[in-house]
Amino acid sequence: MAASLAAIAALAIGVRPWLVGRTRAQAAAAAAAVVTTWSAVLVGFAAAGVRSPLGALLAAGAGLVVVAPAALSPDARWQRLDRCTTLATTSVLAAAGWVAGLVASGRAGHPPALAPFLVLVGVLASVAIIGVLVDGGELLGDRARRVAGALFAPVLTGAVVSLHVALGARGGPGLAAGIAGIGASSVLLALPLATTGAQPRRSPDAVLRRVLEVTGWLTEGLALVVAVAVGPGALALVLLVGAITAGAWSLHPDRRTARWGVLVLGAAASWVLLHAGDVGVPEAYLVPAGVVLTVVGARRRRLGAPDDVPLLAAGLALALVPTALLDGALAGRVPRVALTLAAGALVVAIGLRLRAATPPDDGTASRRASIDAVHVLLLIGLLVVVLGPARHALSAAIATSDGSAPNLAGFGVARIEAWSGAAALVVATATVRLTRLWCWAGYSPRTWGWWLVAAVAATPSLVAVDGTPAGFVRWTIPLAIGGALAVHGARTPERPSLAPGQRTARRADRTLLVSLGLTLAAAAALAAAARSPLPPDVPIAILGAVVTAAGVARWRRLAVAAHSPTAAWLMTPWLTAPWPLAGPLLLAPAAIDQAGIWRTPAALAGAAVLVAVGLRLAPPAPEAADVGHDPAARGTTDRARDLLLGSGAMLAAAGPGVRATISAVRGPDPARMLAVESWSLPAAALIGVAVLALVRSRPDAARSRAAGQRRWGLAAVLTVAVAPSLLAVDGSTTGLLRVAAVVTTGAALAISGTLSAGGARRDLGLALTAVVTVAWTLRDGPEPADLPIVVAGCLLLVVGTLDMAAVRLRSTWRRLGPGLVLTLVVPLTTGWAHPTAWRLLLVLVGAVVAVLVGAVRRWQAPFAVGSAVLMALALVQLSPASAAALRVVEWWMLLAVGGAILLGLGLTYERRLREAKEAVRFVAGMR
């Protein structure tokens, strides 16, 4: 097997010279050669008794040693695609081998040589990545270097993990420190690597630099996660490494803002050490230093000296953030959360009182605005409140939800909302002030401030939702507030902001109240569906009502005037703002579920409300002067009304319609009068009103489209009204009455549609008649079995006659043929099988009438079918007498009678032939 695979690899390499000019084919052949060679090596190792993980590692090391230098060698006669494809294939196979080895190293009984080879593969892969970054610019291209930059930190992290596994270390800060060192190397070497491997006479690759920095900081975050599991010492070490990395990173001119990372990470490392060192109260060591820095920063601001903002930020963070992050109480049993709330509110109040620095109007101000002390005070106060009271409220909510909460504290039931509400008030105050002071295009409080307010205020309450009355209030209030915000935002033409009196900014910087409100309402509905004792579909249905209301308000603000059908279709609200269509879909599950006797009346009432509101909805005010006079514009300005009517119709079909169908199929007594129709008829009436309103609202220029809507609308009404009744048809008197009512309805629709020049009503009436005929035939009642078919045939004859009277050029076979067959041929066949005098008499009368009408009106189908039925009827009636006569009369008498008949025909042959031809021409000339 290994030899065969090696031969295939050699064949793939040998085929490459024949593929000159086909670069992709050559690269594919090279990749196939690598894969088959890898497989051959694995099979060879398996045959030699080497276990599969160790064999995979050996193959990975061999592949990296052979392929990586060849791909990075300028002397190799490879094209760029060949190098990249071969190197990528080898890297994937090496990664698979390394993962298999790492998994096997955690099992008992693995080979002793597995750990060294695991380290070897990690080191070789790291060397290959570094080689691509340093020397791969001209040979492999910028894209390959960027991919290598994205893999730099993960591959080196894998090497560190391999070394950790090989040394058999269990716990300790070594692994976390090693991973943090790899992340720091990726961040600090980003600019040198982006410069060193760049092509000649080109600037450093900015994308590669950004990729290396991002992956480096992500690796620092991974080290932080590992350190949390190890202990506070490792956590402090990783934070310290991150602070040093941020400090070195901030030395670059375009990375000056990284110095804030030095402050945050260094302070976090000190907090961890103080908290873990059992030094008593950490604030005794941190608050004095923070107060000193704050006083110095405030003094420098008053004197107009530079660098006041970093000192203020550092001092406030050092003095307030540790208290916000720690739980428990200080001396005198003062809870830290209360102190944090008071301190955060005080800082925000000071920020409100201070006046922000305004740039001079003479043009001497710098083009890039800087952070002022007021921004720092407001942001620090906001951060402290979020980390303190808001976090405390969330922790209390989690403890309440899992049953580990202590007895109710001083705030009683509202102990959660007391902290979250106060924190949200402080955050909202800071957000309003920040929104007015913010002078940067990005990261504006208009976009994130109010989302933070909603999260702080609502998240703890939603987490604490349960089956108590307090839990009911906790999800209903956010749902109501979210609905109000969504409707208010949808009704506003421009994207509104909650801060009154602020200056106009970019549309991207405005807070979209619709998104905020719908998100808040959706979170409340999901929390109620998951933890409330109510059925899960009830909160979802309330959310659907909120989405529908907001969608109606939004669509009414999207009125457009389009002077062409294509433009009108492209500018429809369901293309520009399709999210309101989710409202009816959220309402449907609560209506379809029939658990509980209250659901169907509630669904019917909700459908009636939606339809009534849709009918009462006034047309939106036109945005332009010509919208009210343009028919095309009138056809595209009120999709909100269509949404309400469509939602009401869908809710009626999903609620009462489904209930009627279930009652007809599995009901306790479907034969009872109106047991099914009490739900299907009101639902059909609501759907009919909605369809009629939708059809009448179509513009004159879209009559063809309105006709199609009228057709499917009438079909929906008939389906909801008739389908449950037909399913409930049985052999009882109630079943016969249902059949008679449906037949009457179908006949009325068919006849009225025919009188009005055909259309949807006639076709639907005939289809309804066909369906009810099948149900009537299968009901096994006391009436004759062919009666439903005869009734359907009579209706077809009436419709065909009216159609023939309206248009004289139509064929009678197409209009009257099916009715004649059902009315005459089917009873004749039944009478032949089960002869009864009254049935044959009726068939005789019908056939005679058909022949007379056909002869008088010159209609071919009635004349031909009636004549054929008469002859068949005569044959049926005379066949018994003829058979009896043949048994009595002698044979020579039959010959004599036959001869006399032939003689008479021969004497009058010419005249009979002329009469037959005239009869054929007479019948052929009929319609």
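As a basis for the values below, the full set of heavy atoms in this structure was taken, side chains included, without hydrogen atoms, waters or symmetry mates.
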Just so I know, are the side chains of Pro539 and Leu479 near enough to count as touching, which here means a heavy-atom distance under 4.5 Å? no

In Å, rounded to the nearest 0.5 Å, how long is the span from CG of Leu379 to CG of Leu316? 11.0 Å

Check whether any side-chain heavy atom of Asp537 lies under 4.5 Å from a side-chain heavy atom of Arg599, and answer yes or no. yes

Nearest heavy-atom neighbours spanning Leu615 and Ala693: CD2-CB, 3.5 Å

In short, Ser461 meets Glu417 closest at the heavy-atom pair OG-OE2, 2.8 Å

Side chain to side chain contact (heavy atoms under 4.5 Å, CB included) between Leu645 and Leu610: does it pass, once the steps are laid out? CA-CA 6 Å; Leu645 295 174; Leu610 289 174; over 6 Å; no

Measure the CG-CD1 distance between Leu534 and Ile540 for me, rounded to the nearest 0.5 Å. 11.5 Å

Contact summary for Leu341 and Ala422, nearest pair of heavy atoms: CD2-CB, 3.7 Å

Compare all side-chain heavy atoms of Val385 with those of Thr340 and state whether any distance is below 4.5 angstrom. no

State, to 0.1 Å, how close Pro478 and Ala524 come at their nearest heavy-atom pair, and which atoms those are. CB-CB, 4.1 Å

Could you measure the distance from the CH2 atom of Trp448 to the CG atom of Leu434? Nearest 0.5 Å is fine. 5.5 Å

First locate atom CG of Leu382, then atom CG of Leu387, and finally report the distance between them rounded to the nearest 0.5 Å. 9.5 Å

So Leu352 and Thr429, do their side chains get closer than 4.5 Å, heavy atoms only? yes

For Asp466 and Pro533 the tightest heavy-atom approach is O-CD, 4.1 Å

Taking the side chain as C-beta and beyond, is there a heavy-atom pair between Val552 and Val613 under 4.5 Å? no

Using the side chain to side chain contact (heavy atoms under 4.5 Å, CB included) rule, take Trp450 and Val432 through it: C-alpha gap first, then chi angles, then the decisive distance, then the call. CA-CA 9 Å; Trp450 297 109; Val432 172; 3.5 Å; yes

Side chains of Ile416 and Arg474, heavy atoms from C-beta outward: is any pair under 4.5 Å? yes

Gap separating the CD1 atom of Ile477 from the CG atom of Leu462, nearest 0.5 angstrom: 11.0 Å

For the residue pair Pro584 and Leu651, establish whether any side-chain heavy-atom pair is separated by less than 4.5 Å. no

How far apart are the closest heavy atoms of Ala588 and Ala654, and which atoms are they? O-CB, 4.5 Å

What's the separation between atom CG in Leu585 and atom OG in Ser647, rounded to the nearest 0.5 Å? 9.0 Å

Student check: side-chain heavy atoms of Val214 and Leu218 closer than 4.5 Å: yes

Leu452 and Thr431: CA distance, side-chain angles, deciding distance, side chain to side chain contact (heavy atoms under 4.5 Å, CB included) verdict: CA-CA 9 Å; Leu452 182 60; Thr431 300; 5.7 Å; no

Answer yes or no: is there a donor N or O on one side and an acceptor on the other, between the side chain of Arg391 and the main chain of Leu325, under 3.5 Å? yes

